[in-house]
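A short write-up of the structure that comes next.
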There are 2 protein chains.
Amino acid sequence: MPKQVDHTSRRLHIARAVCHLADERGLEGVTLRDVAAKAQVSMGAVQRCFRTKEEMLVFALEYVGELIMERIQTRLVRSPAQSAGTALGHAATEISLLRKEHRAEARVWLAFVAQAVVSKALAKTLKANYAALQEAFTRLISEADEDTHRAVPLDPRREARTLLALADGLTTHVLIGQLTPREAHDVLHTHMASLWD
Amino acid sequence: MPKQVDHTSRRLHIARAVCHLADERGLEGVTLRDVAAKAQVSMGAVQRCFRTKEEMLVFALEYVGELIMERIQTRLVRSPAQSAGTALGHAATEISLLRKEHRAEARVWLAFVAQAVVSKALAKTLKANYAALQEAFTRLISEADEDTHRAVPLDPRREARTLLALADGLTTHVLIGQLTPREAHDVLHTHMASLWD
DNA sequence: CCCGTACCGATGCGCTCGCATCAGAACGCC
DNA sequence: GGCGTTCTGATGCGAGCGCATCGGTACGGG
C-alpha cells in the first residue's frame, strides 16, 4: 500500500472552509478555487475529496447541521436540576442565536435553506435535520406538560412546530438585522412563559 | 423627439421574468440572458432598463415586496364586520401562504432574504418592508387588545414581532416541505387563539 | 421630406467557473 | 532498492457569465 491520506478529516477541513466562505459572501460566492485557497490545499485535493461541487456542498450542509444539532441537543438534555420547560427554553434560545459566535453557522444554514428550495439533494438532508429537531422538541414538551397538571393539555406536536417555527423566524430576523438578539430572546421568553408560567 | 418607450412597464415586465426564474432555479440561476429570453426581449433591452444585474435584482425584490405587502395590507384592512383579531389572523395566514398560487412569491422572497444577508443593497429594501409590516401588525394588535378588556394588556410590539417571526418561520417550513400548509395554518390559528379566545 | 435622436438586437470581450487531465513526487511492499 | 500504487498541484478546456459596443432601424420635429 502506498501513501495514504485521511480523507475524512480532510473532508471536514474543507467543509469548514466552505462554511467560512458561505458566511462571508453567501453560497453563490463559494467556488472550488476559493475553497481550496481558504483550506490551504490544492484544487486537485478538493476534487479528489468530492467528485462534484454539489457533493461538497451537501457534505458541508451535513457538517453544519451536525454542529448545530449537537449544540441544541446538548441543551435539550434535561439535567435533574432543571425542568423540561427550562431545557426547552435554552434550546430554543440556542436556535435563535443570542451568541454572535454562532451567527456564522446560522448564516450558512439560511443560505442552505434557500438553496434547498431548488435542490433536492440539499432538501433531503435539511428535512431530516428538522424532523429530528421537531421530534426532540415534541418529546420534551410532552414531558414538560405532564409536570404541569392543567385542564386541557397541550398538543405537544403542535407546540413543537410552533416553537421551532418561531425560533427559526426569529433567527432569520436577527440575521437580517430586523431584530436584535435581545428582542428575539424577549419574544421567545414571553412565548415560553405563556405556555407554562 | 424620436421613438419613445415606456420604461416603467418594461421594468415591471422584466421583474416578473426575474421572479419566474428565481422561483424555478433559485437566485443563482438568474442570468441576464435567461431573463431576456423569459421576458421575450433582447438582452440589450434588459441592459438599457437596468445598468447592472444587481440593480435589476434590487428592483425585482422591491416588486415582489410590493406584491406581498399589498396582499397582506389588503387583509389587514379591518372591515367593520370583523374584529381586529380576525383581520390579523387572515393577514398572518396570508404570510404563511396557504394558497399555492402564492408559493412562488414566497420562494423568491426566501431567496432574497438569504441573499440580503450578504448584500447591503438588498438588505435595505428588505428591512424597510419588514419594518412596515411590523408597524402594521403592532397597530392592529394594539387595536385588538383594546377590544378585549384583560387584566394585563399585551405588549403590542412584542406580540407583533412574535407573530411576524412565527409566520415567517412557518412559511419557510412549508416551503421546504417540513410542514404542510394545513399544519402551518393550524399552528397559526392556535397561536392566535391563545391570545384572544 | 429628411435629418437627428433614441431605441434595438446582435456580437465581441475578458473573465471565471466546474471539471478533466497529466507528469511527477511520495510512499508502502516485496 | 526497485516497483507499483496512490497522491499532488498545475494546467487546459469548453462553457457561461456580466458588460460594452456598434451598425441598423424607426420615428417625430423642422
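All values below were derived from every heavy atom in this structure, side-chain atoms included, with hydrogens, water molecules and symmetry-related copies excluded.
- Using a distance-only test at 3.5 Å, with no hydrogens or angles considered, no donor-acceptor pair links the side chain of His191(B) to the main chain of Leu163(B).
- Contact of the Glu24(A) side chain with the Val118(B) side chain is not registered, since no non-hydrogen atoms from C-beta on lie closer than 4.5 Å.
- Of the candidate nucleotides dA10(C), dT8(D), dG18(D), dG18(D) has the atom lying nearest to any side-chain atom of Lys53(B).
- Note on Val46(A): nothing from the nucleic acid sits closer than 4.0 angstrom, heavy atoms only.
- In terms of polar N and O atoms assigned as donor or acceptor, the side chain of Arg33(B) never comes within less than 3.5 Å of the base of dG16(D) in a complementary pairing.
- Between Tyr130(A) and Asp168(A) there is a side-chain heavy-atom pair separated by less than 4.5 Å.
- Of the candidates dC19(C), dG18(D), dC17(C), the closest approach to any side-chain atom of Asp34(A) belongs to dC17(C).
- Spacing between atom CZ of Arg11(B) and atom P of dC7(C) amounts to 13 Å, rounded to whole angstrom units.
- Note on Val35(B): nothing from the nucleic acid sits closer than 4.0 angstrom, heavy atoms only.
- For the pair Glu28(B) CD and dC17(D) P, the interatomic distance rounds to 13 Å; values are reported in whole Å.
- Side chain of Thr52(A), nearest nucleotide from dC19(D), dC19(C), dT8(D): dC19(C).
- A salt bridge (Lys or Arg N to Asp or Glu O under 4.0 Å) with Arg71(B) holds for exactly one of Glu66(B), Glu101(B), Glu105(B); it is Glu105(B).
- Checked against dC19(D), dC17(C), dG9(D), the side chain of Ser42(A) finds its nearest nucleotide in dG9(D).
- A residue-by-residue look at Gly44(A) and Val30(A) shows that Val30(A) has its nearest nucleotide of DNA chain C further toward the 5' end.
- Considering only side-chain N and O atoms, Thr31(B) lies under 4.0 angstrom from the phosphate OP1 or OP2 of dC17(D).
- Spacing between atom CZ of Arg48(A) and atom P of dC19(C) amounts to 15 Å, rounded to whole angstrom units.
- When the C1' atom of dA10(C) is taken as reference, atom CG of Leu32(B) falls 15 Å away, rounded to whole Å.
- Put simply, CD on Gln47(B) is 16 Å from P on dC13(C), counting in whole angstrom units.
- In this entry the distance linking CZ of Phe50(A) with P of dA20(C) reads 16 Å, nearest Å.
- Put simply, the side chain of Glu183(A) does not reach to within 4.5 Å of the side chain of Val187(A), judged on heavy atoms.
- Regarding Met43(B), its CE atom lies at a distance of 11 Å from the P atom of dA20(D), rounded to whole Å.
- One can place CD of Gln40(B) at 12 Å from P of dG9(C), the figure rounded to the nearest angstrom.
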